[in-house]
Amino acid sequence: GYLELCKMLDIKYPIFQGGMAWISDADLAGAVSNAGGLGIIAAGNAPVEYLEEQVYKIRKITDKPFGVNIMLMSPFKDAVAEAAAFLEVPVIVSGAGSPGKYMDLWKSKGSKVFPVVPTTTMAKRLVKIGADGVICEGTEAGGHVGELTTMSLVPQVVDIVDVPVIAAGGIADARGFAAALMLGASGVQIGTRFLTAYECNVHQNYKEAILNAKDTDAVVSGRRTGHPVRSIKNRLTSKLKKMEKNGASPEELEKEGVGALRRAVVEGDIKNGSVMSGQIAGLVNKEESCEEIIMDLMSSTSLLIKNFKFEE
Ligand SMILES: O=C(O)COc1ccc(-c2c[nH]c(CNC(=O)Nc3ncc(Sc4ccccn4)s3)n2)cc1
């Protein structure tokens, strides 16, 4: 349950902040960890120097546990995986691929390993080789997504693993948090709502696109070409949709996608950039601090579930 998870990771609240490529830096992760959750720095596609710099920086911001998310489609994944172990990062999260070959290295250095898994098969396989928990991310999530929904994936994984399950995808308030606990999750991972936090350094245009989005605006591009990515509907997603319809190759689509996330995050080009976002953006309508987000989640959830106790 959530108390066991908090004990395992020495965190106050069972709330992970999604390690979003280009977005989750030491400022955001440090604020989440200082507020009692697990802040997670995203290595994304960045070279190892970026990760080292962010880990040094977060250790100046907080002395609480934090995580690093390693994106396994990164060209720098080997160096980044080594660095995460060498830096003795408390929690290592992985995504967009299988971290099997790094598991022993990460465990040997004492890191807790929480891979994101899109299916029960992957969950079972990774727990068998040592995963300390799994993050079950439903297709409701932003960014690179699988096919299964959170509502469907979470209970099926809970039934076949004996480690804590974190629910991710489509969760932004106490109702989603409470629902995840009912499905058997020990905690939740939240991306889209933390993306609009004051401490998140993403371009203000990107935050506004999330705050103004409605339920049907977060669409998946590239589902047929292998890298399905959920982002806010704009000129880029329309272009990708047309290209897919005209039978564009994965390489052609990939070329369009490269640099698109940076254009949105850094330059604020939310028309032609990739504004990655979960379906729950329609529920995220105001900017808050990480502390406010976490306290809202914990206090409201404790009202929904009578034996869900927490102390401020
Ligand atoms: O290796 C296999 O058999 C396949 O294994 C997996 C397949 C998928 C996943 C998976 C799905 N979702 C996640 C965690 N979420 C994510 O990884 N979300 C991401 N958002 C943006 C990212 S950067 C990117 C990536 C592709 C194209 C453009 N940009 S990564 N992991 C995990 C393992």
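Numbering of ligands and ligand atoms starts at 1, following listing order.
- Looking at Asp132 and Val163, their side chains never come closer than 4.5 Å, going by heavy atoms from C-beta outward.
- In this structure, Met276 and Leu261 have side chains that are in contact, with non-hydrogen atoms separated by less than 4.5 Å.
- Side-chain rings of Phe114 and Phe16 approach one another, their centers coming within less than 6.0 Å.
- Near ligand 1, residues Met71, Met73, Gly95, Ala96, Gly97, Ser98, Val116, Pro118, Met122, Glu137, Gly143, His144, Val229, Met276 come within 4.0 angstrom through at least one heavy atom.
- A search for side-chain contact (heavy atoms from CB on, under 4.5 Å) contacts involving Asp104 returns nothing, not counting sequence neighbours.
- For Glu256, the side-chain contact (heavy atoms from CB on, under 4.5 Å) partners two or more places apart in sequence, or in a different chain, are Leu236, Lys239, Leu240, Met243.
- In this structure, the salt bridge (charged side-chain N to carboxylate O under 4.0 Å, His left out) partners of Glu267, at least two apart in sequence or on a different chain, are Arg262.
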